[in-house]
S.K.: 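Encoded as structure tokens, here's the structure I'll be asking about.
These numbers were taken from a predicted model, which means no experiment stands behind them.
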Amino acid sequence: MLHPMNIRHIHLDKVDSTNNYLQCYKQAQDEDITFVWTDAQVAGRGCGTNSWECEAGKNIAFSVLFHPCHVPASKQFIISMANALALKEALGLFLEGITVKWPNDIYWKDFKLAGTLIEPSLRKGVVADCIIGTGININQTTFRSDAPNPISLKQVCGYELDREEVASKVTERFLEYITLMESPDNWTSIRKTYRDALYRKDGIHCYQTTSGKLFKAALHAVEDDGTLVLDVLAADGRTDLQKFVFKELKYIL
């Protein structure tokens with residue numbers, strides 16, 4: 001990435017998906033980072049087959065295209081951690097009690113404030129390009145999708161927030177973490193900060209496997225590749241370390 005970073009902001013009144021927009025976007029030769037913001041995202045995408053509800057003019061929906069330096073494919077979860085921390089810290093300026101629900105959702109207590117979809121492009125064993133799409137619930141108060149636990153900043157704070165101010169703080173934190181992430185020397189610190197920011201980082205909680213098995217476990221670790229390690233409690237009181245990748249586990253709220 002060039003220094004200083006050359007950043008372009010694009011605002012769209014309406015788009016199907018800001019990630020889709022950037023998939024087809026051609027950056028200028030001197031363009032390092034491209035942000036695309038929209039007032040109305042009509043087909044926002046989440047991870048897998050999930051969708052993202054975004055009421056026009058109420059929330060923030062944006063994507064960013066950038067080119068990570070020195071990030072091997074096997075270590076690409078560092079991008080997810082850095083992005084999640086940027087969101088947590090930015091939203092934490094407006095509301096206390098923000099956590100990161102593994103792998104990268106932003107929570108307030110047991111409610112989801114923001115979601116992220118990360119789409120990297122790999123080349124020769126490293127992350128060459130990366131598109132990160134994020135939706136943040138700002139001023140929406142009625143949610144009609146089947147998402148189980150959405151909440152907005154307005155619902156918690158009790159007043160309407162300035163979306164541009166929130167967007168500005170998110171951008172600032174994202175750029176700070178992108179700069180930090182450029183040096184692998186900072187990755188240990190990012191990983192520790194991520195671990196300390198996790199939802200349910202302490203105590204024993206209920207989970208469910210994709211096969212429907214319910215169990216209780218304590219958080220043990222998140223490995224460098226993003227694998228979640230839980231200390232699973234057996235019926236006889238013994239514990240066993242088990243590993244889960246994304247979509248293999250459901251949090252019982």
S.K.: Taking Ala167's backbone N and O only, do any of them form a donor-acceptor pair with Thr171's side chain (distance below 3.5 Å, no angle check)?
M.R.: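 It does hold such a pair.
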S.K.: For the residue pair Thr34 and Leu22, establish whether any side-chain heavy-atom pair is separated by less than 4.5 Å.
M.R.: yes
S.K.: List the residues meeting side-chain hydrogen bond (donor to acceptor under 3.5 Å, both in side chains) with Lys75, not counting sequence neighbours, and say none if there are none.
M.R.: none
S.K.: Going through the distances and angles, do Leu65 and Gln27 end up as a side-chain contact (heavy atoms from CB on, under 4.5 Å)?
M.R.: CA-CA 9 Å; Leu65 168 62; Gln27 285 182 316; 3.6 Å; yes
S.K.: Atom OH of Tyr177 and atom CD1 of Ile79: how far apart are they, to the nearest 0.5 Å?
M.R.: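 The distance works out to 15.0 Å.
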S.K.: Just so I know, are the side chains of Ile151 and Asn137 near enough to count as touching, which here means a heavy-atom distance under 4.5 Å?
M.R.: no
S.K.: Do the side chains of Asp32 and Arg8 get close enough for a salt bridge, i.e. N-O under 4.0 angstrom?
M.R.: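 Salt bridge: no.
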S.K.: Does Glu96 offer a backbone N or O that forms a donor-acceptor pair with the side chain of Trp108 under 3.5 Å?
M.R.: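 Yes.
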S.K.: Quick one: do Asp39 and Lys58 make a salt bridge, cutoff under 4.0 Å?
M.R.: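 Salt bridge between Asp39 and Lys58, a charged N being under 4.0 Å from a carboxylate O: no.
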S.K.: Would Val222 end up clustered with Val100 when hydrophobic side chains under 4.5 Å apart are linked, directly or stepwise?
M.R.: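 Looking at the clustering, Val100 is in the same group as Val222.
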S.K.: Taking the ring centre of each residue, are Phe77 and Tyr194 less than 6.0 Å apart?
M.R.: yes
S.K.: Does one side chain, of Glu119 or Gln23, offer a donor that lies under 3.5 Å from an acceptor on the other?
M.R.: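 A pair is found: one side chain offers a donor N or O, the other an acceptor, under 3.5 Å apart.
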S.K.: Can you tell me how far the NE2 atom of His70 sits from the CH2 atom of Trp187, to the nearest 0.5 Å?
M.R.: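 Reported to 0.5 Å precision, the distance equals 8.5 Å.
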S.K.: For residues Tyr21 and Asp16, is any side-chain donor paired with an opposing acceptor at under 3.5 Å?
M.R.: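 Looking only at side-chain atoms, Asp16 and Tyr21 do not form any donor-acceptor pair under 3.5 Å.
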S.K.: What I want to find out is whether Arg191 reaches Asp224 closely enough, with some N-O distance under 4.0 Å, to be called a salt bridge.
M.R.: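 Salt bridge present between Arg191 and Asp224.
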S.K.: When you measure from the side chain of Gln41 to the backbone of Thr18, do you find a donor-acceptor pair of N or O atoms at a distance under 3.5 Å?
M.R.: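 Yes; judged by distance alone, with no hydrogens or angles, the pair exists.
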S.K.: Please check: side-chain N/O of Asn104 versus main-chain N/O of Met81, any donor-acceptor pairing under 3.5 Å?
M.R.: no
S.K.: Between Gln155 and Thr141 (side chain of the first, backbone of the second, donor and acceptor by atom type, cut-off under 3.5 Å), is there such a pair?
M.R.: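 Checked: pair present.
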S.K.: Can you find a pair of side-chain heavy atoms, one from Ile106 and one from Lys101, that are under 4.5 Å apart?
M.R.: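 No, side chains not in contact.
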S.K.: Look at Lys169 together with Glu89 and state whether they make a salt bridge at an N to O cut-off of under 4.0 Å.
M.R.: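 No salt bridge links Lys169 with Glu89.
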S.K.: Check the pair His205 / Lys216 against side-chain contact (heavy atoms from CB on, under 4.5 Å), numbers first and verdict last.
M.R.: CA-CA 5 Å; His205 302 277; Lys216 293 182 178 181; over 6 Å; no
S.K.: Does a side chain donor of either Asp129 or His67 reach within less than 3.5 Å of an acceptor in the other side chain?
M.R.: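 Yes - a donor-acceptor pair under 3.5 Å links their side chains.
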S.K.: Please answer: with hydrophobic residues joined when any side-chain heavy atoms are less than 4.5 Å apart, are Leu228 and Leu233 in the same cluster?
M.R.: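 No, no single cluster joins them.
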S.K.: Do you reckon Val156 sits in the same ILVMFWY cluster as Tyr159, going by side-chain contacts under 4.5 Å, direct or chained?
M.R.: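 Looking at the clustering, Tyr159 is in the same group as Val156.
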S.K.: Check step by step if side-chain contact (heavy atoms from CB on, under 4.5 Å) holds for Leu241 and Val232.
M.R.: CA-CA 6 Å; Leu241 292 181; Val232 177; over 6 Å; no
S.K.: For the side chain of Glu165 and the backbone of Asp162, is there at least one donor-acceptor N/O pair under 3.5 Å apart?
M.R.: no
S.K.: Show the numbers, then the answer: is there a side-chain contact (heavy atoms from CB on, under 4.5 Å) between Ile7 and Phe35?
M.R.: CA-CA 8 Å; Ile7 303 166; Phe35 285 90; 3.8 Å; yes
S.K.: Counting N and O atoms only, with roles assigned by atom type, does the side chain of Asn83 sit under 3.5 Å from a partner on the main chain of Ile132, one being a donor and the other an acceptor?
M.R.: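 Judged by distance alone, no pair lies under 3.5 Å.
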S.K.: Okay, side chain of Glu248, backbone of Val245: is any donor-acceptor separation there less than 3.5 Å?
M.R.: yes
S.K.: Just by modelled atom types, is the Thr227 backbone N or O under 3.5 Å from a matching donor or acceptor in the Glu223 side chain?
M.R.: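 Not at all, since once roles are kept as given, no pair shorter than 3.5 Å links the two residues.
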S.K.: Got a donor-acceptor contact below 3.5 angstrom from the Asn59 side chain to the Ile138 backbone?
M.R.: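 Checking the backbone N and O of Ile138 against the side chain of Asn59, a donor-acceptor pair under 3.5 Å is found.
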S.K.: Is it possible for you to say whether Tyr25 and Trp37 belong to one hydrophobic cluster, with membership spreading through side-chain heavy-atom contacts below 4.5 Å?
M.R.: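 Cluster IDs for Tyr25 and Trp37 differ.
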S.K.: According to a hydrophobic-cluster definition based on side-chain heavy atoms being under 4.5 Å apart (Ile, Leu, Val, Met, Phe, Trp, Tyr only), do Leu175 and Val127 belong together?
M.R.: yes
S.K.: Is there a ring-ring contact (aromatic ring centres under 6.0 Å, His included) between Phe174 and Phe66 once you walk through the steps?
M.R.: CA-CA 11 Å; Phe174 179 81; Phe66 69 107; 5.6 Å; yes
S.K.: Roughly how far, to the nearest 0.5 Å, is the CD1 atom of Ile118 from the OG atom of Ser80?
M.R.: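 Ser80 atom OG to Ile118 atom CD1 measures 4.0 Å (nearest 0.5 Å).
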S.K.: Roughly how far apart are Asp202 CG and Asp196 CG, rounded to 0.5 Å?
M.R.: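 So the gap between those two atoms works out to 9.5 Å.
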S.K.: State, to 0.1 Å, how close Leu198 and Trp102 come at their nearest heavy-atom pair, and which atoms those are.
M.R.: CD2-N, 4.1 Å
S.K.: Taking the side chain as C-beta and beyond, is there a heavy-atom pair between Leu230 and Leu249 under 4.5 Å?
M.R.: yes
S.K.: Regarding Tyr107 and Asn149, do their side chains bring together a donor and an acceptor under 3.5 Å, going by distance alone?
M.R.: yes
S.K.: Is Arg163 close to Asn139 at the side-chain level, that is, under 4.5 Å between some pair of heavy atoms?
M.R.: yes
S.K.: For the residue pair Leu113 and Leu95, establish whether any side-chain heavy-atom pair is separated by less than 4.5 Å.
M.R.: yes
S.K.: Who passes salt bridge (charged side-chain N to carboxylate O under 4.0 Å, His left out) against Glu160, sequence neighbours left out?
M.R.: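 Per chain and number, Glu160 pairs via salt bridge (charged side-chain N to carboxylate O under 4.0 Å, His left out) with Lys154.
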S.K.: Do Glu31 and Asn6 touch side chain to side chain, with heavy atoms closer than 4.5 Å?
M.R.: no
S.K.: How far does CG of Leu12 sit from OG of Ser63, to the nearest 0.5 angstrom?
M.R.: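 Answer rounded to 0.5 Å: 10.0 Å.
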S.K.: Do the side chains of Ile136 and Phe62 get nearer than 4.5 Å, heavy atoms only?
M.R.: yes
S.K.: Identify the two heavy atoms, one from Cys206 and one from Arg200, that lie closest to each other, and give their separation to 0.1 Å.
M.R.: O-NH1, 3.0 Å
S.K.: For Tyr207, enumerate each residue passing the ring-ring contact (aromatic ring centres under 6.0 Å, His included) test, keeping only those at least two apart in sequence or located in another chain.
M.R.: Phe215, Tyr251
S.K.: I need the Asp225 CG to Ile78 CD1 distance, nearest 0.5 Å.
M.R.: 12.0 Å
